[in-house]
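Structure record follows, encoded as structure tokens.
Given the structure is predicted, the values throughout are model-derived calculations rather than measurements. The first residue of the sequence shown is numbered 1, and numbering continues consecutively from there. Indexing begins at 1, ligand by ligand and atom by atom, following the structure's order.
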Amino acid sequence: MLVDNHNRAINYLRLAVTDRCNLRCNYCMPEEGIEFAKRDDLLTMEELCKISSILVEQGIDKIRLTGGEPFVRKDLMVLIRYLAGLEGLKTISVTTNNTVIGPYLDELKELGVTDVNVSLDAINESAFQRITRRDQHQLVMDNLMAMIAKGFNIRVNCIALEGQNIEEIIPMLDLTREHNVSVRFLEEMPFNGGSKSFNTIKWNYKKIFDHIQSFYPDIEEIPSEKTSTSINYRIKGFRGTFGLIPSFTRTFCGSCNRLRISATGDVITCLYGKPRLNIREFIRLDSSGEAFRESIVDALQTRSATGFEEQEMYDGVFENSMTSIGG
Ligand code: SAM
Ligand code: SF4
């Protein structure tokens, strides 16, 4: 079991498999993209498998694959098949923009990968295009409907963006009227790779809740797991649920059970901080895996109690993009 310096059990790995993406969401990356990692610096498929296997031995029982867009990595299914065979790994999930997942749905289900987080910030096509800067709306919606029909456990993540998609909050929520999905509204975070300057947010979770309640007064809170980042609700009579994620307000740090590894091997112990170390060379040079194993135990002894404490490492400006952190 991995335990950090604040006595929090760490059982959840968010593993980024690439920093590349086929969309250019304006809260995540500039139009021209970011300086993507050199190919040689990206972890290979064998390295991703080895890292996962060692961490599962150390007590990780949930792995979420993220990126960049995980499905732009052509060999992603090789990793997923490998993970599906790891004893001790209880949950494999993916976070995706839903553009290229379509051909893999049946195999994902067969492998038991039914928890999928879909990032979607607008139901309306032109709002979607404005935000993502790409023309993929129909494909994303078709894949979403196919996944609902196939019984995937879907959480749709939508960032509340002042001036861009606030009028989409209620149409997004309406997905939960007929469908058993969870739509979660996130606060915007300051990791946009230089897309725009960022001081604070206009739409925090309380304001999003008040907005929703002004349309639907009959809302009940539903129980959430202790380590959940979302506060969850159901509108009376709706099949699905909705959630609010205070990703900028950060009310959930006390129960954080997450470890992040980027596509280049950076070990990130808090979203709001800088990587603790890079494990690529440990994995490449030490075939026993011992150096990697020890480095993870050590990195977890340097975690900040909260994202606010961690943020003090910066002089106020976050230069990185979520596409290289993995969300
Ligand atoms: N490409 C995949 C996707 O979009 O789902 C996975 C990677 S993406 C970086 C992971 C998550 O980070 C997405 O849900 C996305 O909405 C979120 N994200 C990206 N930039 C963000 C920002 N500035 N603030 C809050 N969430 C952000
Ligand atoms: Fe790509 Fe996901 Fe970032 Fe959008 S949020 S640009 S889909 S990595």
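- Of all protein heavy atoms, the one lying nearest to atom 13 (C) of ligand 1 is Ser119 OG, 3.2 Å.
- Every atom of ligand 1 is numbered from 1 in the order shown, and the set under 4.0 Å from a heavy atom of Asn97 is 2 (C), 3 (C), 5 (O).
- For Thr95 and Arg64, the side-chain atoms include at least one donor-acceptor pair closer than 3.5 Å.
- Under 3.5 Å, the side chains of Glu69 and Thr96 contain a donor-acceptor pair of N or O atoms.
- Summarising the contacts of atom 6 (C) of ligand 1 with Gly327, Gly68, Ala16, the nearest heavy atom is found in Gly68.
- On a distance-only criterion, Thr96 and ligand 1 share at least one N/O pair closer than 3.5 Å.
- Met313 and Leu277 end up in different hydrophobic clusters when Ile, Leu, Val, Met, Phe, Trp and Tyr side chains are linked at under 4.5 Å.
- Side chains of Asn124 and Ser126: a donor on one and an acceptor on the other come within 3.5 Å.
- Contact annotation: Met322 has no heavy atom less than 4.0 Å from any atom of ligand 2.
- Put simply, the side chain of Met147 reaches to within 4.5 Å of the side chain of Leu105, judged on heavy atoms.
- At the top of the distance list for atom 1 (Fe) of ligand 2, counting protein heavy atoms only, stands Cys21 SG, 2.2 Å.
- In this structure, Asn192 has no heavy atom closer than 4.0 Å to ligand 1.
- Geometrically, Arg250 engages Phe308 in a cation-pi contact defined by less than 6.0 Å to the ring centre and at most 45° from the axis.
- Counting only heavy atoms of the protein, atom 21 (C) of ligand 1 lies nearest to Tyr27 CD1, 3.5 Å.
- Here Thr95 has heavy atoms under 4.0 Å from ligand 1 in both its backbone and its side chain.
- For atom 26 (N) of ligand 1, the nearest protein heavy atom (residue, atom name, distance) is Ile159 CD1, 3.2 Å.
- The closest protein non-hydrogen atom to atom 8 (S) of ligand 1 is Gly67 O, 4.3 Å.
- Atom CE of Met145 is surrounded by more than 12 heavy atoms from other residues, nucleotides or ligands within 6.0 Å.
- Counting heavy atoms under 4.0 Å from ligand 1, residue Asn117 does not touch it at all.
- Of all the atoms in ligand 2, the ones that sit under 4.0 Å from a non-hydrogen atom of Met29 are 6 (S).
- No side-chain N or O of Tyr12 forms a donor-acceptor pair with one of Arg260 less than 3.5 Å apart.
- Nearest protein heavy-atom neighbour of atom 3 (Fe) of ligand 2: Cys28 SG, 2.4 Å.
- Contact atoms of ligand 1 toward Thr66: 6 (C), 7 (C) (distance under 4.0 Å to a heavy atom of the residue).
- Looking at Gly326 next to ligand 1, no N or O pair under 3.5 Å apart turns up.
- Here Phe191 has backbone heavy atoms under 4.0 Å from ligand 1, and that is the only part of it that gets that close.
- For Cys21, no nitrogen or oxygen atom sits less than 3.5 Å from a nitrogen or oxygen atom of ligand 1, counting backbone and side chain alike.
- Annotation: Glu188 places no N or O atom under 3.5 Å from an N or O atom of ligand 1; distance criterion only.
- Asn22 and Asn97 are linked by a side-chain donor-acceptor pair at a separation below 3.5 angstrom, with hydrogens and angles left out of the test.
- By heavy-atom distance, the residue among Met189, Met322, Lys196 lying nearest atom 24 (N) of ligand 1 is Met189.
- Here Arg303 does not pair with Glu310 in a salt bridge; the nearest charged N to carboxylate O distance is not below 4.0 Å.
- For atom 3 (Fe) of ligand 2, the set of nearby N, O or S atoms under 2.8 Å includes none belonging to Cys25.
- The closest side-chain heavy-atom distance from Cys270 to Ser304 is not below 4.5 Å.
- What you find for Ile201 and Phe198 is that their closest heavy atoms are CG2-CZ, 3.7 Å.
- The number of heavy-atom neighbours closer than 6.0 Å to CD of Glu167, taken from other residues, nucleotides and ligands shown, is above 12.
- Each of the following atoms of ligand 1 lies closer than 4.0 Å to a heavy atom of Glu69: 1 (N), 2 (C).
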